[in-house]
Amino acid sequence: MRFSKMFLPTLKDAPSDAEVISHRLMVRAGMIRKVASGIYNYLPLGLRVIRKVENIVREEMNRAGAQEVSMPMVIPSELWQESGRWDVYGKELLRIKDRHQRGFCLGPTHEEVITDMVRREIRSYRELPINLYQIQTKFRDEIRPRFGLMRGREFIMKDAYSFHATEEDAEKEYQNMYDTYCRIFERCGLKFRAVEAETGPIGGRFSHEFMVLAATGEDSIASCSKCNYAANVERAETKIEGLGVKGQEEKRPLEKISTPGMKTVDEVSKFLKTIPQKLIKTLIYNSDKGVVAALVRGDYEINETKLKRTLDAEWLNLADEETVRKITNAPSGFAGPVGLPTKIFADYSIQTVVNAVTGANEADAHLVNVNPDLNFTVSSFGDLRMVVAGDLCPRCTDGKLEIFRGIEVGHVFKLGTKYSEAMNASFLNEKGEEKPLIMGCYGIGIGRTAAASIEQNHDEHGILWPMALAPFQVHLIPVNVKDKATLDAAENIYTNLLNAGLDVLMDDRDERAGIKFNDADIIGIPIRLTIGNKTLKENRVELKMRNRQEASLVKLDDVAKRVRIEARQFWNIS
RNA sequence: CGGGGCGUGGCUCAGUUUGGUAGAGCACUGCGUUCGGGACGCAGGGGUCGGAGGUUCGAAUCCUCUCGCCCCGACCA
């Protein structure tokens with residue numbers, strides 16, 4: 001491709017709304033442009049990268065035995081009503097009406113459609129298992145789209161769905177997909193970890209997320225320093241006995257203390273000259289299971305996902321001011337477990353607190369010397385808190401948890417029969433019994449994977465593409481196109497490299513060298529070849545790898561060979 | 001959904017407090033010089049100041065409404 005002919009508008013400045021590095025660089029490198037909040041145009045250079053990711057995904061999925069299909073983006077509401085998700089999916093689901101006032105939605109995911117597709121055709125266990133996937137544009141009406149392709153509303157996703165006759169077989173495919181995902185992200189040259197994850201509104205029993213490690217990631221993951229345990233903090237557990245020994249302190253009588261205006265753990269512990277570990281936080285929640293109170297030690301945070309699971313609740317929200325007043329007879333900030341009319345769910349951590357401080361359920365007052373069982377009754381103890389760095393690993397003997405940031409690029413779920421039962425998708429087994437299909441579901445964010453690669457591979461000048469995702473492999477720069485010898489040599493090399501099967505971008509623009517070099521740095525093509533009359537006199541050209549500082553000189557006759565060697569080495573190291 | 005902010009040429013922004021008929025840098029066009037790390041000179045083109053309504057002799061500037069975008073928060077007791 002010739003730069004002069006390519007629609008490749010690079011920018012000196014990034015638009016002021018671009019915050020994270022991948023977003024800024026994608027815009028500056030002329031890869032994407034915003035059309036509306038969370039909705040983007042892919043320009044030629046951006047699309048090339050997207051296609052690279054897609055093709056890696058496609059090759060590996062095919063290799064793993066999956067088959068590509070394509071489903072509609074506009075989905076009739078009946079299918080979503082059948083699965084029950086029309087009412088529970090929330091505002092992320094963009095609902096639209098056609099001219100006949102029939103309900104549709106823009107597909108944020110395709111369990112319903114695929115289940116419908118498969119139930120119409122699959123009759124027998126002999127036709128199983130089957131794994132179908134598509135690479136397609138999805139739409140989720142995110143509350144707050146941001147970070148460019150990282151959290152868009154419209155985005156390209158690979159989603160695969162597998163159908164099985166037995167649990168065993170479904171688990172085998174889950175492992176197959178897990179391994180396939182590892183291969184995919186390795187080929188993309190990403191540093192990633194597979195972590196145990198929550199299942200969210202997609203449903204299902206357990207799952208793994210594939211996280212690209214990057215400081216700008218929106219997720220936190222906990223990872224063991226010793227063994228391979230890793231989990232999204234939404235789900236991460238710790239050893240219960242890791243909480244430390246219960247104090248030997250003698251239990252003292254309950255006492256009420258005036259604490260005017262002291263609401264937060266910080267304020268209260270400072271005011272009472274104690275430490276957060278001596279406090280018990282009481283949080284009032286509203287849920288479909290009613291209003292409940294959740295207790296956790298003052299220095300920890302409640303993990304709402306865990307609480308939700310404990311309650312077996314469909315939804316859960318921190319109670320509003322009005323509810324808090326009704327339940328506690330006090331403004332928020334002074335809730336405590338003593339005398340609360342609601343059910344009380346407590347994190348194990350409060351078992352370590354003796355003579356605790358809690359809210360008094362009265363404005364501007366706290367209780368001290370509160371002791372569970374003595375002063376209040378806990379309905380149930382459980383693991384309800386967020387893990388913190390340094391917590392003991394739940395799986396091995398002496399590992400400690402570390403917390404990292406990650407970008408979720410892939411997710412594998414075991415769905416079970418949630419959709420097949422709701423939508424009556426069944427088959428006949430060997431015994432002639434009708435059984436619901438057992439399903440699995442496997443997603444990869446294509447655009448997000450490209451963005452994650454930039455988050456991981458860039459410097460102060462621009463992108464550093466790994467060879468596998470690079471829009472071109474070679475960036476050819478004739479320094480001065482008005483110099484005939486330079487241009488002739490460049491054209492020659494260009495043709496040779498193309499014939500050698502390489503993707504080459506030749507910057508044949510009549511621009512100053514500085515502009516070309518700077519654009520080359522922003523775009524980030526791995527191999528840069530510079531042709532100028534200085535080195536041409538010695539029949540040499542300059543070869544520089546984008547991810548290395550030093551350049552080297554290569555004889556004209558050896559260029560194609562050297563480039564191929566460099567490209568291959570690059571594969572091996574990245 | 002709550003709080004805050006911003007919409008002025010393709011991009012980054014000034015001008016708004018104190019109304020007076022629209023600017024800078026970059027980008028773009030032409031000519032000349034320059035030419036291996038974002039050159040310089042000269043001459044140009046391009047803006048319904050997000051939109052609608054109002055106040056006024058006069059509105060980018062003041063008022064009302066509206067649309068769009070961005071940031072923070074929505075795990076706080």
Side-chain angles (χ1 to χ4, degrees), chain A residues 9-20 23-24 27-28 30 33-39 90-91 143-148 220 233-234 259 261-269 276 279-285 293-296 298 300-308 316-321 323-325 327-328 330-337 340 347 357-366 384-386 461-462 477-483 486 507 509-522 528-536 541-542 544 551 553:
Chain A
T10 56
L11 252 34
K12 261 188 198 175
D13 299 307
S16 53
D17 59 15
E19 277 186 287
V20 295
H23 186 192
R24 299 179 67 83
V27 174
R28 292 225 291 144
R33 289 291 186 268
K34 185 165 72 179
V35 177
S37 180
I39 299 175
K91 290 184 196 145
I143 307 175
R144 230 183 111 191
R146 56 185 139 174
F147 305 151
S220 288
V233 290
E234 286 179 355
T259 52
M262 304 293 151
K263 294 184 167 197
T264 66
V265 165
D266 231 32
E267 289 164 358
V268 173
S269 48
L279 270 64
I280 293 175
K281 272 203 281 208
T282 308
L283 286 77
I284 311 296
Y285 281 95
L295 307 186
V296 65
Y300 290 131
E301 299 296 337
I302 282 282
N303 181 326
E304 292 185 357
T305 314
K306 288 180 180 175
L307 180 60
K308 202 161 124 187
L316 175 79
N317 285 314
L318 210 58
D320 53 278
E321 187 71 29
T323 309
V324 172
R325 277 179 188 276
I327 299 292
T328 68
S332 71
F334 301 96
L340 264 194
D347 181 66
V357 179
T358 74
N361 295 326
E362 184 182 317
D364 299 326
H366 278 74
L384 299 178
R385 73 173 174 94
M386 300 291 266
H461 303 294
I477 301 182
V479 170
N480 180 359
V481 292
K482 283 186 190 143
D483 180 70
T486 302
D507 194 346
R509 296 174 301 169
D510 182 13
E511 290 287 359
R512 327 191 98 238
I515 287 178
K516 296 188 181 189
F517 289 137
N518 278 300
D519 276 348
D521 287 344
I522 294 172
R528 190 182 83 186
L529 285 175
T530 308
I531 294 105
N533 53 14
K534 271 202 288 197
T535 57
L536 212 51
V541 298
E542 180 195 286
K544 183 180 171 298
L553 291 177

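Fair warning: this is a prediction, and the values are worked out from it, not measured in the lab. Order of the sequence lines fixes the chain letters, A, B, ..., with proteins taken first and strands second; residue numbering starts at 1 for each chain.
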Can you pull every protein N or O that's under 3.5 Å from an N or O on nucleotides 31-34 of chain B?
{"from": "B:U34", "atom 1": "O2", "to": "A:Arg512", "atom 2": "NH2", "distance (Å)": "2.8"}

request  = Spell out yes or no: do the side chain of A:Arg528 and the base of B:G36 have one donor N/O and one acceptor N/O closer than 3.5 Å?
outcome  = no
query = Base, sugar-phosphate alone, or nothing: which one does A:Asp519 contact when heavy atoms must sit under 4.0 Å apart?
reply = base
key: Under the ring pair (Phe, Tyr, Trp, His ring centres under 6.0 Å) test, residues paired with A:Tyr285 that sit two or more places apart   = none
message = So if I take every side-chain heavy atom of A:Ala513 and compare against B:C75, B:A77, B:G36, which nucleotide ends up nearest?
response = B:G36
ask   = Between B:C71, B:C75, B:C35, which nucleotide gets closest to the side-chain atoms of A:Arg146?
value = B:C71
query = Which atom names give the shortest non-hydrogen contact between A:Leu295 and A:Ile302, and what distance separates them?
reply = O-CD1, 4.1 Å
task = Grab the two heavy atoms, one from A:Val265 and one from A:Gly298, that are nearest each other, plus how far apart they are.
result = CG1-O, 3.6 Å
inquiry  = For a quick check of understanding: with a heavy-atom distance under 4.0 Å over all strands, which category does A:Ser37 fall into, base, sugar-phosphate or nothing?
reply    = sugar-phosphate
note = Across all chains, not counting sequence neighbours, the side-chain contact (heavy atoms from CB on, under 4.5 Å) partners of A:Asn361 are A:Thr328, A:Ala335, A:Leu340
Could you run down the sub-3.5 Å N/O contacts of the protein with nucleotides 22-30 of chain B?
none

ask   = Within the structure shown, what part of the strands sits under 4.0 Å from A:Ile522 by heavy-atom distance: base, sugar-phosphate, or nothing?
value = base
query = Hey, is the side chain of A:Asp521 pairing donor to acceptor with the base of B:G37 inside 3.5 Å?
reply = yes
ask   = Which nucleotide sits closest to the side chain of A:Thr530: B:G36, B:A77, B:G37?
value = B:G36
query = So, are A:Arg509 and A:Asp519 salt-bridged, with charged N and O less than 4.0 Å apart?
reply = yes
query = Does A:Thr323 have any side-chain contact (heavy atoms from CB on, under 4.5 Å) partners at least two apart in sequence or in another chain, and if so, which?
reply = A:Asn286, A:Val291, A:Ala319, A:Asp320, A:Ile327
inquiry  = Pairing check on B:G10: which nucleotide meets the Watson-Crick or G-U wobble criteria with it, both distances under 3.5 Å?
reply    = B:C26
task = Quick one: label A:Val268 by what it contacts on the DNA or RNA (base, sugar-phosphate, nothing), any heavy atom closer than 4.0 Å.
result = nothing
ask   = What is the nucleic acid contact for A:Ile284, judged by heavy atoms within less than 4.0 Å: base, sugar-phosphate only, or nothing?
value = base
task = Identify whether any heavy atom of A:Gly333 sits under 4.0 Å from a base atom; if not, whether one sits that close to sugar-phosphate; answer base, sugar-phosphate or nothing.
result = base
request  = Could you tell me which residues satisfy side-chain contact (heavy atoms from CB on, under 4.5 Å) with A:Ala551, sequence neighbours excluded, listed by chain and number?
outcome  = A:Glu542, A:Lys544
